[in-house]
**Student:** 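Encoded as structure tokens, here's the structure I'll be asking about.
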Amino acid sequence: MAYFPMYINLENKKVIVIGGGKAALRKINSLLYFGAKIAVIAPKICDDIKAIKGINVHESNVALDILQNADIVVAATRRPEINAKIGKYCNDNDIMVNVADNKDLSSFLFPGVIVRGDLVVGVTTGGNSQAVSKQIRNMIDRMLPEEYETLTRKMGAYTELANVNIKTPSLREEALDELVKTALSNKCVLDDKKANKILDKYYREDAARRNG
């Protein structure tokens, strides 16, 4: 069964990563951008993880009861039996968990992530193939220009204006669609003067419809 792509706010959420090798490093790198408070626990932690600023590193064995303090747990050790033990504990205690080598014990999966500011695209194969997910992620990354970050931020502001000033839902949708199409025809750059002109057109149309 395919997994539903649900996006959640990780800012200041407590994430405990169990493991200190490459698998743990990949998970940490996926989380860093999103403002989570990350703690890493493992008897031995690689230098690449230790070099990451803003995370807490503890070179020790993990006691399962400490996981109760976490909002999310990632089990990414080199030992499947340890990962499975962590996964089962989290499932039994209603703690969200990703088990790196066991999707059946995972309550969520890590997607391949492409980030352009607030625009985030996630890719997953349902845990079937990291290689396929990686290739598709790289393909999308090449397709999405950096200008989408600015466009997304601007559209947030214009959407607020449209919500206030255009009361007719269908007209509001048309206005926002036209803004995006205009930007895409100009290499993803949305000129403020042209955008305001488009919105003014729809403001007048909306007022005319409501005034009969």
Side-chain angles (χ1 to χ4, degrees), residues 1-15 27-38 52-55 70-74 94-98 106-126 133 136-212:
M1 181 180 294
Y3 285 73
F4 179 76
M6 182 174 68
Y7 290 80
I8 63 173
N9 183 2
L10 289 182
E11 187 171 7
N12 294 322
K13 297 296 185 184
K14 297 177 181 177
V15 179
K27 306 293 187 181
I28 293 166
N29 283 335
S30 292
L31 292 166
L32 281 174
Y33 182 85
F34 300 96
K37 293 183 176 179
I38 302 171
I52 298 173
K53 295 180 180 180
I55 69 173
D71 295 303
I72 294 174
V73 172
V74 177
D94 295 322
I95 303 167
M96 289 185 65
V97 64
N98 174 263
S106 298
S107 51
F108 74 98
L109 301 180
F110 266 79
V113 175
I114 304 98
V115 178
R116 298 288 185 271
D118 290 336
L119 173 63
V120 180
V121 180
V123 178
T124 180
T125 60
S133 178
I136 295 174
R137 180 219 168 277
N138 290 342
M139 180 179 65
I140 295 173
D141 191 35
R142 291 190 296 269
M143 291 170 58
L144 283 178
E146 296 295 333
E147 288 79 6
Y148 267 98
E149 178 176 352
T150 301
L151 175 59
T152 301
R153 186 174 63 251
K154 278 192 170 186
M155 282 303 301
Y158 286 128
T159 298
E160 289 184 9
L161 285 173
N163 287 339
V164 171
N165 294 293
I166 306 174
K167 303 302 182 183
T168 307
S170 58
L171 272 182
R172 186 164 58 242
E173 184 177 352
E174 286 180 33
L176 296 172
D177 284 346
E178 185 170 340
L179 288 175
V180 174
K181 289 175 182 177
T182 300
L184 295 180
S185 68
N186 190 37
K187 299 181 179 179
C188 299
V189 176
L190 185 58
D191 177 75
D192 289 331
K193 185 176 180 179
K194 188 174 290 186
N196 286 320
K197 186 176 180 180
I198 292 170
L199 287 176
D200 284 341
K201 177 181 68 175
Y202 285 95
Y203 295 164
R204 291 194 299 270
E205 174 65 21
D206 183 60
R209 288 193 187 186
R210 287 187 290 112
N211 293 332

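These figures come from a predicted structure and were not determined experimentally.
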**Student:** Hey, could you give me the NZ/CD1 distance between K201 and I166, rounded to the nearest 0.5 Å?
**Tutor:** 10.5 Å

**Student:** Look up atom CG in L184 and atom CG in L151, then write down how far apart they are to the nearest 0.5 Å.
**Tutor:** 6.5 Å

**Student:** Using 4.0 Å as the upper bound for N to carboxylate O, is an ion pair formed by D206 and R210?
**Tutor:** yes

**Student:** If we ignore angles and hydrogens, is there a donor and acceptor under 3.5 Å between the side chains of Y158 and D192?
**Tutor:** yes

**Student:** Please report the shortest heavy-atom distance between T124 and G126, naming the atom on each side.
**Tutor:** OG1-N, 3.0 Å

**Student:** On a heavy-atom basis, which atom in F108 and which in N98 lie closest, and how many Å separate them?
**Tutor:** O-ND2, 3.0 Å

**Student:** Dump the intermediate steps for side-chain contact (heavy atoms from CB on, under 4.5 Å) on V74 and I28, then the final yes or no.
**Tutor:** CA-CA 9 Å; V74 177; I28 293 166; over 6 Å; no

**Student:** Which heavy-atom pair separates N163 from K167 by the least distance, and what is that distance?
**Tutor:** O-NZ, 4.2 Å

**Student:** Could you pull out the closest heavy-atom pair between I95 and S107, with the gap in Å?
**Tutor:** O-OG, 4.2 Å

**Student:** State, yes or no, whether a side-chain contact exists between L199 and N165 at a heavy-atom distance under 4.5 Å.
**Tutor:** no

**Student:** Quick one: side-chain contact (heavy atoms from CB on, under 4.5 Å) partners of S133, sequence neighbours excluded?
**Tutor:** V123, T125

**Student:** Please name the pair of heavy atoms, one in V115 and one in V113, separated by the smallest distance, quoted to 0.1 Å.
**Tutor:** CG2-CG1, 3.4 Å

**Student:** Can you tell me how far the OG1 atom of T159 sits from the CZ atom of R172, to the nearest 0.5 Å?
**Tutor:** 10.0 Å

**Student:** Let me have the donor-acceptor pairs involving side chains of residues 3-11, under 3.5 Å, with sequence neighbours excluded, atom names and distances please.
**Tutor:**
from, atom 1, to, atom 2, distance (Å)
Y7, OH, G122, N, 3.1
N9, OD1, E11, N, 3.0

**Student:** Strictly by side chain to side chain donor-acceptor pair (under 3.5 Å), give each pair with a member in residues 137-148 just once, sequence neighbours left out.
**Tutor:** R116-D141

**Student:** Could you tell me if the side chain of M155 sits less than 4.5 Å from the side chain of T152, heavy atoms only?
**Tutor:** no

**Student:** Start with the C-alpha distance between E178 and T182, add both sets of side-chain angles, then the distance that settles side-chain contact (heavy atoms from CB on, under 4.5 Å), and finish with yes or no.
**Tutor:** CA-CA 6 Å; E178 185 170 340; T182 300; 4.1 Å; yes

**Student:** Which residues pass the side-chain contact (heavy atoms from CB on, under 4.5 Å) test with S170, sequence neighbours left out?
**Tutor:** T168, R209

**Student:** Just how far is it from atom CG of L161 to atom OH of Y203, taken to the nearest 0.5 Å?
**Tutor:** 4.5 Å

**Student:** Checking F34 now: which residues fulfil ring-ring contact (aromatic ring centres under 6.0 Å, His included) with it, not counting sequence neighbours?
**Tutor:** none

**Student:** Say you draw a straight line from CD of E205 to CD of E174; how long is it, rounded to the nearest 0.5 Å?
**Tutor:** 8.5 Å

**Student:** For K181, does the NZ atom have more than 12 heavy-atom neighbours from other residues, nucleotides or ligands under 6.0 Å away?
**Tutor:** no

**Student:** Check whether more than 12 heavy atoms from other residues, nucleotides or ligands sit under 6.0 Å from atom CG of D118, and answer yes or no.
**Tutor:** no

**Student:** Would you mind reporting whether I55 and L32 have side-chain heavy atoms less than 4.5 Å apart?
**Tutor:** yes

**Student:** Answer yes or no: are there more than 12 heavy-atom neighbours, outside K154 itself, under 6.0 Å from its atom NZ?
**Tutor:** yes

**Student:** Holding to side-chain contact (heavy atoms from CB on, under 4.5 Å), I want the full list of residues that pass it with K14, two or more places apart in sequence or in another chain.
**Tutor:** D71

